[in-house]
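Reviewing the structure listed below.
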Amino acid sequence: MKPTGLKIIDHIAYLNGKSLVELAKEYQTPLYVIDEIGLRKTLTMYQTYFKGQHFESKIVYASKAFLTPAIAEIINEYHFYMDAVSIGDLYIASKANFPMKKIVFHGNNKQIEELEFAINQNVGLIVVDNLVELKTLTKLLQQYHHQQDILIRVNPGIDAHTHEYIQTAKFTSKFGESIYDEKVIDEMIQIIKESTYLHLQGFHAHIGSQIHELVAYNLEIEKMVSFQTKIMNLYQLDLPILNIGGGFGIKYHNDEQSLSVEEMMIGISQKLDMVLQDNKRIKKVMIEPGRSIIGPNGFTLYQCSQIKHTYGGKNYLFIDGGMTDNIRPALYGAIYECDIVNKMDMEKTLLVDVVGKCCESGDIIRKDVLIPPFETNDILIVYATGAYNYSMSSNYNNLLKPAVVMVGNKVKVISRKETLEDLMRLFK
Ligand code: LLP
């Protein structure tokens, strides 16, 4: 999936009028690039299409996909909420002056220090993962005399078709408590009823990531609305918020079928309207998209140094980054599309594996891809790397983390490239 602002003039790729060859030269490769105009368009699409007559919509950006202060500021400009899953996320959000009342705090094993930080920062919603965590939180809230809105994360038992590592709602998943575990749910509700500090607002579920099927969400909505309604009736509670999580898939490779944000959001909103029209008690519905917001609006540029023709007949295109800046092919078998930005629309005749510079044979960014005739210093673009690339990057082999630039009407460095001194900062 190419960013919307990408144009080709005389075989050279431009993003919002800026030559990518120049950008690579100016800011050094590897380089993460965010299409600011595209990102803003995507945020507007979410606002436009996640809407219904029978519910108030709340969009929560899943910041684990990509978080820097500049991104948090843009997310806030569009009045989105934002999720956080660690004290680190909370810290960055607070440093970016993100309104902490609009933070939804997740995590399956929140540490006491993290819960205390969340309490002290007046985080709006804590999503309690399990019974043990609820007990810990109850004690802390008592200690701090702090009133806290919470959701309970439940597992509705939906087998969405995605990679095993990013499935989250099978019965064996480590996240949440099962909606079928009546004993645990009952114990949790009793604790909440007894506490003067806990304010249960509703339930949360997230059925996985990179999901292309609307049918999985339809099933989730049906199950969650009926579960939440049952609990409201059974315990005489008012639970106005339902959070159905994120996970909306994007198109990484050309053969992948995926729904646009517009299609997915229209489908989900219609389903919610249908299910909620006779249910006046669930008033607000939250979604938590991460990948579909930032993924297609980001890409990575690399410099190509050589083609190695192996004795065994394989051609390797060597690039100056690799699994340290994009672990997804190695971890999930993700397939990315790529091009040479100074040779766009030229005939592709050379079959290569694009490989990185790490000491790992699995350091492959793209297997079996055709490229135009090669010259040293060609610049490779790998599309749709905006989500879970920077946030999962590492310093393996002591490679330096690339800079991130955001290209709108101007180019802004939103995270600088690491330096050799940065590598030494923790050592004693
Ligand atoms: N809400 C919750 C509770 C989540 O756990 C996640 C993602 C999201 C929302 C956002 O899902 P998204 O819309 O971005 O798919 N590292 C993996 C993805 C892990 C997703 C973790 N949770 C990858 O690179 O594919």
Side-chain angles (χ1 to χ4, degrees), residues 39 42-43 45-46 50 58-67 71 75 80-86 89 103-110 125-130 133 151-156 158 160-170 173-177 202-213 216-217 220 224 242-253 256 258-259 261 264-265 268 285-298 300 323 325-336 365 382 384-394:
L39 170 61
T42 307
L43 295 173
M45 295 290 265
Y46 266 105
F50 181 55
K58 297 272 175 233
I59 310 167
V60 185
Y61 171 61
S63 76
K64 66 205 78 170
F66 180 63
L67 176 62
I71 294 297
I75 293 299
F80 280 36
Y81 285 57
M82 191 159 78
D83 92 342
V85 290
S86 69
D89 285 348
I103 290 282
V104 179
F105 187 33
H106 280 288
N108 71 298
N109 186 19
K110 300 179 194 75
L125 264 181
I126 296 182
V127 183
V128 177
D129 182 85
N130 55 64
E133 183 179 299
L151 299 180
I152 295 177
R153 178 163 183 169
V154 290
N155 177 349
I158 291 169
H161 295 135
T162 185
H163 191 283
E164 186 191 341
Y165 288 4
I166 45 182
Q167 281 181 342
T168 50
K170 295 211 300 189
S173 165
K174 72 168 179 174
F175 299 103
E177 298 285 7
F203 289 93
H204 165 273
H206 170 75
I207 57 171
S209 197
Q210 186 56 3
I211 296 170
H212 295 303
E213 307 134 324
Y217 290 104
E220 182 197 2
M224 288 300 293
L242 171 64
N243 183 332
I244 59 169
F248 316 119
I250 66 168
K251 189 175 167 77
Y252 280 105
H253 62 96
E256 201 162 19
S258 139
L259 297 180
V261 167
M264 191 59 111
M265 286 307 111
I268 286 182
V285 180
M286 286 182 159
I287 50 166
E288 299 177 329
R291 186 194 313 269
S292 50
I293 287 181
I294 198 72
N297 292 308
T300 314
M323 65 192 294
D325 59 73
N326 185 358
I327 190 71
R328 299 193 71 264
L331 197 53
Y332 315 113
I335 302 173
Y336 284 86
I365 291 297
V382 177
T385 62
Y388 303 110
N389 273 226
Y390 179 85
S391 54
M392 293 174 85
S393 63
S394 79

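Ligands are counted one by one from 1 in listed order, and the atoms in each one are counted from 1 as well.
Applying the 4.0 Å criterion to heavy atoms of M392 picks out, from ligand 1, the atoms 16 (N), 24 (O). Near G290, the atoms of ligand 1 lying under 4.0 angstrom from a non-hydrogen atom of the residue are 12 (P), 13 (O), 14 (O). Near H204, meaning under 4.0 Å from any of its heavy atoms, are these atoms of ligand 1: 3 (C). The E288 neighbourhood of ligand 1 comprises atoms 1 (N), 2 (C), 3 (C), 8 (C), 9 (C), 10 (C), 13 (O), with distances under 4.0 Å to a heavy atom of that residue. Within the listing of ligand 1, atoms 11 (O), 12 (P), 13 (O), 15 (O) sit less than 4.0 angstrom from a heavy atom of G247. The contact set between ligand 1 and R153, taken as ligand atoms under 4.0 Å from a residue heavy atom, comprises 3 (C). Which parts of ligand 1 touch R328 is read off a 4.0 Å heavy-atom cut-off, strictly below it: atoms 23 (C), 24 (O), 25 (O). Per-residue contacts place A62 under 4.0 angstrom from the following atoms of ligand 1 (heavy atoms of the residue considered): 8 (C), 9 (C), 10 (C).
In this structure, R291 fails the cation-pi test against F66, since its NZ or CZ atom is not both closer than 6.0 Å to the six-membered ring centre and inside 45 degrees of the ring normal.
The minimum heavy-atom distance between S292 and V261, with the atom names listed, is O-CG2, 4.3 Å.
Under the 30°/60° scheme for interplanar angles, the aromatic rings of Y46 and F248 are found to be tilted.
At least one N/O-N/O distance between Y388 and ligand 1 falls below 3.5 Å. For ligand 1, the polar-atom distance check finds an N/O of Y332 within less than 3.5 Å of one of the ligand's N/O atoms.
With ring centers used as reference points, H106 lies 6.0 Å or more from H206. Residues F80 and Y61 place their aromatic rings such that the two centres sit no closer than 6.0 Å.
At a heavy-atom cutoff of 4.0 Å, ligand 1 is contacted by both the backbone and the side chain of R291.
For R153 and E177, the salt-bridge test fails: no basic side-chain N is under 4.0 Å from an acidic carboxylate O.
From Y388, atom OH reaches atom CD1 of I327 across 15.5 Å, with rounding to the nearest 0.5 Å.
Checking side-chain atoms of D129 against main-chain N and O of G176 turns up a donor-acceptor pair under 3.5 Å.
Using a non-hydrogen distance threshold of 4.0 Å, P289 registers as a contact of ligand 1.
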